[in-house]
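In what follows, chains are A, B, ... by sequence order, proteins preceding strands, each numbered from 1.
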Amino acid sequence: MSEVAQEKQDLPAIERCHVLICAGAACVASGAMEVEAAMKSKISALNLEAEVSLFDTGCVGTCDLGPVVIVYPEGTFYVKLKPADAEEIVTEHLLKGRVVQRLLSKDADHVEVPSIFEHPFFAKQKRIALRNLGVINPESIDEYIAVGGYASLGKVLEMTQDEVIKLVLDSGLRGRGGAGFPTGRKWAFAKAVEADQKYVIINGDEGDPGAFMDRSVLEGDPHSVIEGLAIAGYAIGATQGYAYVRAEYPLAIKRLQIAIDQAREYGLLGKGIFGKFDFDLEIRKGAGAFVCGEETALMRSIEGMRGQPRPKPPFPAVSGLWGKPTIINNVETLANVPAIIQNGPFWYSSFGTETSKGTKVFALAGNINNTGLIEVPFGTTLREVVFEIGGGIPNGKEFKAVQAGGPSGGCIPASLLDIPLDYESLQKAGAIVGSGGLIVMDSDTCMVDVARFFLEFTVDESCGQCTPCREGTKRMLEILTKITKGRGTLEDITKLETLAKAITQTSLCQLGITAPNPVLSTLRYFRDEYLAHVVDKTCPAKVCRELITFDILPDKCTGCTICARNCPTHAISGERKQAHVIDQSACIKCGECLVRCKFDAVVKV
Amino acid sequence: MKTLEDLKRIREEALKAMKVREGEQGTKITVAMGTCGIAAGARETMSALLDELNKRGITDVTVTQTGCKGLCEQEPMIEVTRAGEAAVTYGHVDAERARRIVAEHIVNGNLVGEYIVSK
């Protein structure tokens, strides 16, 4: 050994305090790097470098509170920081030991939460795939090793391939990318095929609007994905892996590349891993087409061709990348693997439900207080996720529905809030677990408009290869647009249903097969809203522009003129201190007057 | 790296450095760092404490700070609390005394009587 040990003469010193700053993309976007720079310069100005260390860590999950910082050993959790706040933390907390109360996060009763260990957002979670996010520095292989990293790979190399596959089968782990196929079975198929070369691929082409779990895992714990892939490689007999990550995830790509380089340097990738196994890994950047998340399209893209799916069978496990047996696993699936090896399959299967074992990461987005990333055991109810962990709906609005599984999924109405989140229950409700995106919608959301939004996405992303998907989704979108403009007929609703059925039955890949889901599920639970648009020509949620009008209430209008001055089409007229009126023929229904009016005189009807 | 032993060795070294993230440990040293403490040299005391702990590879000790304890005359002051024992406060702790307290109190478990302010 021990070139590595010799190189490591200069071991990290033991410090009294570690400051972890969340460097997930959401926090970076809200200014985490500026906060970090301010902290760094203040730490060095006060000569604290020798005893205090500042690290980046992966997404903590509380994305709406960013930038966030955790100060250990106390576990103090500071939120919504500005650079000036960061300096105060250094001078007060790090230097003098006084917690800066005003920067702490608050619970639902507005009481400060003293440490991350007691934060309600984390209390109901069980973090397995996310176990190291917010705990380790993703750019340090030593820290990953410290928390048990690469020990699972070492352990696996002492087992036979079949033992590894059986272990993963026993754990009940199912693919986290959408379809939920048992991971161990997939591996067993590829292992059974004789070939001179096999491949394993990380599917990091996360494309659902509002889903960001794979990005966060790649950014926050890239080594766990590499280790999971190497284990998969050993199990099926592959020596080469690829990480397919979309180019829109530059930070994930950067951290993954750093991790690959470190693993190579330590001999954990390359020839003779623990003296027993050859395995290497390369990144392939995708251009961000949604369809490339489909495995056959993904492989074509790696081969340098246009990302279009092909019919299955043959399945990739038999004939995949360059015609060789190939396994494609989702990022989150692979991040679970080392933990399963480390703790045993029955530890993992003790979480979750009868058929959905373990935990699932969900991305909370939309009209919800705690937008962010959470991981809960399967079987946790939607109500717990939305109201307990997610903190409920902002601005006192009412919960209307949740879109689960992105554009391939469906919506779940308030009446089903108590369903357990697992593969079967969601499917029965007309949605899917999918990649785990949960978009929460409040009472101001028009469900026809939501269906139109998701369909617009699939029309954009359809690769155009097969007719049902290319033409069918487009026709459905036209009908939906017609309905939202108030020109729909009852016959259109029937047409939508017929088209949806045909597209699902005849499309080539899952993109087309699942594309009608948002329409079908909104039709199932919110048919009355469709009827209101078609029959009454009204939009109950007052979203569809063609079906609403803006009016000024004369008794409330003070004639302040602010609406008239801000109207982009000069549709509002009136004397100062006199009630104003809107010229409906000129109004484009942008809603600017409603936002500007300080006297609630503008109404949407 | 060629064997699981190599991995284990790296793990143990790296773990020591990360111990601080597991929350407060068995023994806690609190350095009074109000303006008075810092003026009297608490920063050097703190550095000496950390340096001594580092040298000895002691990781199960949390070092933290607090404000002025009111007895400014005795600054720099530190308080040592071993798990299950009452807190002991030492006064006039310069760098040298700090190192001795680590050796005697933290490592050997013997109080350093002559520096004690209260216990």
Side-chain angles (χ1 to χ4, degrees), chain A residues 1-5 8 11-18 20 46-48 50-53 55 57 70-75 92-98 115-117 134-137 140-151 153-155 157-158 265-268 272-276, chain B residues 1-39 42-69 78-79 102:
Chain A
M1 147 119 220
S2 246
E3 56 287 355
V4 173
K8 293 187 54 60
L11 287 169
I14 299 158
E15 288 129 343
R16 69 174 164 87
C17 176
H18 283 185
L20 271 67
L46 293 168
N47 278 323
L48 290 170
E51 51 200 74
V52 174
S53 268
F55 301 106
T57 190
I70 313 164
V71 180
Y72 289 101
E74 299 94 331
E92 286 298 304
H93 189 156
L94 303 187
L95 182 67
K96 298 177 193 155
R98 279 177 241 163
S115 83
I116 194 160
F117 307 117
V135 179
I136 67 167
N137 175 358
S140 161
I141 189 170
D142 283 351
E143 294 205 358
Y144 181 66
I145 291 173
V147 293
Y150 290 107
L153 177 59
K155 191 171 161 188
L157 296 183
E158 319 242 291
E265 193 187 322
Y266 271 37
L268 293 165
I273 301 168
F274 292 114
K276 296 192 179 82
Chain B
M1 143 160 30
K2 284 282 166 273
T3 66
L4 278 174
E5 282 305 305
D6 297 342
L7 184 73
K8 208 170 143 197
R9 216 161 47 236
I10 296 176
R11 177 175 186 193
E12 277 160 11
E13 291 302 339
L15 257 184
K16 281 185 200 161
M18 282 182 67
K19 194 90 182 184
V20 70
R21 278 177 237 174
E22 287 166 24
E24 296 189 349
Q25 306 294 326
T27 300
K28 187 168 162 183
I29 306 178
T30 311
V31 183
M33 288 186 122
T35 307
C36 47
I38 293 173
R43 291 232 52 81
E44 288 78 40
T45 309
M46 170 72 87
S47 308
L49 282 170
L50 290 168
D51 183 54
E52 195 62 28
L53 291 171
N54 251 322
K55 263 197 226 156
R56 293 169 181 271
I58 301 171
T59 57
D60 57 347
V61 173
T62 301
V63 182
T64 172
Q65 341 83 306
T66 184
C68 170
K69 296 180 69 129
I78 71 169
E79 186 182 276
V102 171

Which heavy atom of [X] sits nearest a heavy atom of [Y], and at what distance?
X      : Y     : value
A/D142 : B/A14 : O-CB, 3.3 Å
B/R43  : A/L46 : NE-O, 4.4 Å
A/E51  : B/S47 : OE1-OG, 3.9 Å

Using non-hydrogen atoms and a 4.5 Å limit, figure out which bit of [X] sits close to chain B: side chain, backbone, both or neither.
X      : answer
A/V147 : both
A/L268 : side chain
A/L95  : both

Euclidean distance, A/L94 CG relative to B/M33 CE, rounded to 0.5 Å:
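Between B/M33 CE and A/L94 CG, I get 11.5 Å after rounding to 0.5 Å.
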
Drop me the distance from B/L4's CG to A/L157's CG, to the nearest 0.5 angstrom.
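It comes to 8.0 Å.
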
Output, in order, the C-alpha distance, side-chain angles, deciding distance and verdict of side-chain contact (heavy atoms from CB on, under 4.5 Å) for B/L49 and A/R16.
CA-CA 10 Å; B/L49 282 170; A/R16 69 174 164 87; over 6 Å; no

Max heavy-atom pair count under 4.5 Å with chain B, selected residue of A/R98, A/K276, A/E143
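Among A/R98, A/K276, A/E143, the one with the most close pairs to chain B is A/E143.
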
Winner by heavy-atom pair count (cut-off under 4.5 Å) against chain B, out of A/V135, A/I141, A/I273
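Of A/V135, A/I141, A/I273, A/V135 has the most heavy-atom pairs under 4.5 Å with chain B.
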
Heavy-atom pairs under 4.5 Å with chain A, option from B/E12, B/K8, B/K16, B/M46 with the top count:
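Among the listed options, the one with the most contacts to chain A is B/M46.
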
Evaluate side-chain contact (heavy atoms from CB on, under 4.5 Å) for A/Y266 paired with B/D6, printing each intermediate quantity in order.
CA-CA 10 Å; A/Y266 271 37; B/D6 297 342; over 6 Å; no

Does B/M18 form a side-chain contact (heavy atoms from CB on, under 4.5 Å) with A/I136? I'd like the steps, not just the answer.
CA-CA 9 Å; B/M18 282 182 67; A/I136 67 167; 3.7 Å; yes

For A/I145 and B/R9, what are the C-alpha separation, side-chain angles and deciding distance, and is it a side-chain contact (heavy atoms from CB on, under 4.5 Å)?
CA-CA 10 Å; A/I145 291 173; B/R9 216 161 47 236; over 6 Å; no

